[in-house]
Colleague: 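The structure is given below, and queries will be raised subsequently.
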Amino acid sequence: MKTSAFLDSRMLIAMPGMSDPRFDRSLIYVCAHSENGAMGIIVNHPAGSIDFPQLLMQLDIIKSADQIKVAENAEPMQVLKGGPVDTGRGFVLHSSDFFLQDATLRIDEDICLTATVDILKAIAKGAGPRHAILALGYAGWAPGQLEAELEEGSWIVEPAEPDDVFTPEPESLWSAVLRRKGGPFALLASMPPDPTLN
């Protein structure tokens, strides 16, 4: 596989009829892709009732919710289901205005990934990135697995935009990206969810 075929910083859009219900109507931002496999974060499945301040207290990062001093220009932190692998661990996708040496992976000029508790502490103190989402778990592929799924037609590959990753309305993102892609993909966007996968 040529390096140019690697999909770092691209978006994977799950096709309707995806056989794995864990990825039904998913949008995955690819953080790393090489001949050794791939890793990405689902950016459109909220983690239900999990609240970021409550999560910080559960992790003992802060003692009470009133100690959170999120920077005035920062957006509320969304907590998402990042994927089925390592769901007890948090991965923060964030804007590139925050960087921790030896801990932050720069994916492209706009988006980075940090998976240490230090970024959560920084966000709680108001010193974190302007844009960020916290994902619990990630999606992973063994060598050649993602390529095989692409050949099967399980995923559509689309350039990612920062607004996609940090949208305040992740639930509508799958349809919005398909509509933006246009043509027959816009028709897919209007398909109702498969009730057998819920």
Side-chain angles (χ1 to χ4, degrees), residues 3-14 23 25-47 50 52 55-56 70-87 89-141 146 150 155-181:
T3 305
S4 60
F6 294 141
L7 302 176
D8 307 64
S9 80
R10 306 291 292 276
M11 198 73 84
L12 299 177
I13 308 166
F23 297 109
R25 297 171 80 92
S26 287
L27 271 172
I28 299 180
Y29 181 74
V30 180
C31 301
H33 185 205
S34 72
E35 63 275 358
N36 299 316
M39 178 267 186
I41 301 288
I42 299 173
V43 295
N44 68 320
H45 291 178
I50 296 175
F52 181 62
L55 188 64
L56 291 180
V70 176
E72 286 180 26
N73 64 349
E75 300 168 342
M77 176 74 108
Q78 299 228 36
V79 183
L80 304 173
K81 296 179 198 171
V85 183
D86 215 354
T87 56
R89 189 170 170 204
F91 299 83
V92 180
L93 275 177
H94 57 90
S95 48
S96 56
D97 56 341
F98 182 90
F99 192 89
L100 293 172
Q101 195 66 38
D102 301 323
T104 298
L105 170 68
R106 185 175 300 280
I107 300 166
D108 66 20
E109 61 184 36
D110 297 310
I111 299 176
C112 297
L113 175 73
T114 303
T116 65
V117 75
D118 295 324
I119 188 171
L120 298 179
K121 291 177 180 175
I123 290 168
K125 292 176 186 168
R130 181 179 173 101
H131 305 289
I133 57 169
L134 172 62
L136 301 177
Y138 68 94
W141 293 266
L146 178 56
L150 289 166
W155 303 99
I156 302 164
V157 179
E158 177 74 359
E161 297 181 8
D163 288 348
D164 295 338
V165 175
F166 304 120
T167 179
E169 298 177 351
E171 300 95 332
S172 60
L173 189 59
W174 184 82
S175 297
V177 172
L178 284 172
R179 277 194 296 274
R180 183 177 73 213
K181 196 164 174 61

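All values below were derived from every heavy atom in this structure, side-chain atoms included, with hydrogens, water molecules and symmetry-related copies excluded. These numbers were taken from a predicted model, which means no experiment stands behind them.
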Colleague: Atom CG in Asp8, atom SG in Cys31: separation rounded to 0.5 Å?
Modeller: 9.0 Å

Colleague: So which heavy atom on Ala115 is nearest to which on Arg89, and how close?
Modeller: CB-NH2, 3.6 Å

Colleague: So His45 and Leu80, side-chain contact (heavy atoms from CB on, under 4.5 Å) or not? Walk me through it.
Modeller: CA-CA 6 Å; His45 291 178; Leu80 304 173; 5.9 Å; no

Colleague: Please report the interatomic distance CG(Leu105) to CG(Leu113), rounded to the nearest 0.5 Å.
Modeller: 6.0 Å

Colleague: Please state whether the rings of His131 and Phe166 are parallel, tilted or perpendicular, taking 30° and 60° as the class boundaries.
Modeller: parallel

Colleague: Can you give me the closest heavy-atom contact between Ala132 and Ile123, atom names plus distance?
Modeller: CB-CD1, 4.3 Å

Colleague: Could you tell me which residues satisfy salt bridge (charged side-chain N to carboxylate O under 4.0 Å, His left out) with Glu171, sequence neighbours excluded, listed by chain and number?
Modeller: none

Colleague: Could you pull out all residues at least two apart from Ser9 that satisfy side-chain hydrogen bond (donor to acceptor under 3.5 Å, both in side chains)?
Modeller: none

Colleague: Within this structure, what is the CG-NZ distance for the pair Asn44 and Lys81, rounded to the nearest 0.5 Å?
Modeller: 11.0 Å

Colleague: Please identify which of these residues, Asp110, Leu27, Ile111, meets the side-chain contact (heavy atoms from CB on, under 4.5 Å) condition with Val165.
Modeller: Ile111

Colleague: Holding to side chain to side chain contact (heavy atoms under 4.5 Å, CB included), I want the full list of residues that pass it with Val157, two or more places apart in sequence or in another chain.
Modeller: Leu7, Arg10, Leu12, Leu150

Colleague: Counting N and O atoms only, with roles assigned by atom type, does the side chain of Ser95 sit under 3.5 Å from a partner on the main chain of Pro129, one being a donor and the other an acceptor?
Modeller: no

Colleague: Which residues pass the salt bridge (charged side-chain N to carboxylate O under 4.0 Å, His left out) test with Arg106, not counting sequence neighbours?
Modeller: none

Colleague: Going from CZ on Phe98 to CD1 on Ile119, what distance comes out if it is rounded to the nearest 0.5 angstrom?
Modeller: 4.5 Å

Colleague: Sequence neighbours left out, what passes side-chain hydrogen bond (donor to acceptor under 3.5 Å, both in side chains) with Asp118? Give chain and number order.
Modeller: none

Colleague: List in chain and number order the residues that pass side-chain hydrogen bond (donor to acceptor under 3.5 Å, both in side chains) with Trp174, two or more places apart in sequence or in another chain; answer none if no residue qualifies.
Modeller: none

Colleague: I'd like to check Met39 versus Val85 (side-chain heavy atoms, cut-off strictly below 4.5 Å). Are they in contact?
Modeller: no

Colleague: Only counting residues at least two apart or in another chain, list the ones meeting ring pair (Phe, Tyr, Trp, His ring centres under 6.0 Å) with Phe91.
Modeller: Tyr138

Colleague: Kindly give the heavy-atom pair with the smallest separation between Leu134 and Gly90, and that separation in Å.
Modeller: CD1-CA, 3.8 Å

Colleague: Between Glu169 and Gln78, what is the shortest heavy-atom contact and its length?
Modeller: N-NE2, 4.3 Å

Colleague: Working to the nearest 0.5 angstrom, can you tell me the gap between Asp97 CG and Arg130 CZ?
Modeller: 8.0 Å

Colleague: For Asp164, give me all partners under salt bridge (charged side-chain N to carboxylate O under 4.0 Å, His left out), at least two apart in sequence or on another chain.
Modeller: Arg180

Colleague: Output all residues satisfying side chain to side chain contact (heavy atoms under 4.5 Å, CB included) with Ala176, sequence neighbours left out; order by chain, then residue number.
Modeller: Arg179

Colleague: Would you say the side-chain atoms of Ser26 pair up with the backbone N or O of Ile28, donor to acceptor, closer than 3.5 Å?
Modeller: no

Colleague: Tell me, please, which residues at least two apart from Lys121 pass salt bridge (charged side-chain N to carboxylate O under 4.0 Å, His left out).
Modeller: none

Colleague: Could you tell me which non-hydrogen atom of Ser96 sits nearest to which non-hydrogen atom of Glu109, and how far apart they are?
Modeller: OG-O, 2.8 Å

Colleague: For a 4.5 angstrom cut-off between non-hydrogen side-chain atoms, does Val79 reach Leu136?
Modeller: yes

Colleague: Indicate the atoms forming the closest heavy-atom contact of Pro46 with Pro170, along with that distance.
Modeller: CG-CG, 3.9 Å

Colleague: Taking ring pair (Phe, Tyr, Trp, His ring centres under 6.0 Å) as the definition, give me every residue that meets it alongside Trp155, ordered by chain and number, with sequence neighbours left out.
Modeller: Phe23

Colleague: Going by side-chain hydrogen bond (donor to acceptor under 3.5 Å, both in side chains), name the residues that satisfy it together with Thr167, two or more places apart in sequence or in a different chain.
Modeller: none

